[in-house]
Amino acid sequence: MRMRRILGLALAAATLAGVSAVGAVSAGAASSPNISRDDCTAAGGQIISRPYAGYACALADGTTQAIT
């Protein structure tokens with residue numbers, strides 16, 4: 001009986017770790033990608049300067065993306 005409990009806890013911990021890893025990858029994919037100056041102007045965006053953060057592209061939909 002004790003062995004089943006230990007195996008169950010180990011399986012639950014492994015499952016939780018797997019879900020956490022998937023969540024971290026999904027969060028990374030959801031963040032804004034970088035964009036080039038040419039792609040920014042081609043998309044109708046405006047290049048803006050951010051203090052201490054370099055330049056960014058402000059798009060018409062209200063989002064900003066870092067310029068590479």
Side-chain angles (χ1 to χ4, degrees):
M1 187 65 129
R2 183 176 178 159
M3 184 58 89
R4 273 192 215 169
R5 183 178 298 161
I6 291 171
L7 289 175
L9 288 174
L11 181 61
T15 302
L16 183 60
V19 169
S20 296
V22 169
V25 170
S26 298
S31 64
S32 299
N34 292 341
I35 189 170
S36 70
R37 288 178 177 265
D38 294 334
D39 291 339
C40 176
T41 55
Q46 182 179 4
I47 297 173
I48 58 171
S49 176
R50 298 181 297 180
Y52 305 107
Y55 293 95
C57 176
L59 296 170
D61 63 357
T63 60
T64 58
Q65 295 180 350
I67 293 180
T68 55

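Atom OG1 of T64 is separated from atom CD1 of I48 by 6.0 Å, given to the nearest 0.5 angstrom.
Considering every non-hydrogen atom in both C57 and G45, the closest pair reads SG-CA, 4.1 Å. The shortest non-hydrogen separation linking R37 to Y55 is NH2-CD1, 3.5 Å. The shortest non-hydrogen separation linking C40 to Q46 is SG-N, 4.0 Å.
Legend: residues meeting side-chain hydrogen bond (donor to acceptor under 3.5 Å, both in side chains) with T41, ordered by chain and number and at least two apart, are absent.
Checking D61 against T63 by side-chain atom types alone, a donor-acceptor pair falls below 3.5 Å.
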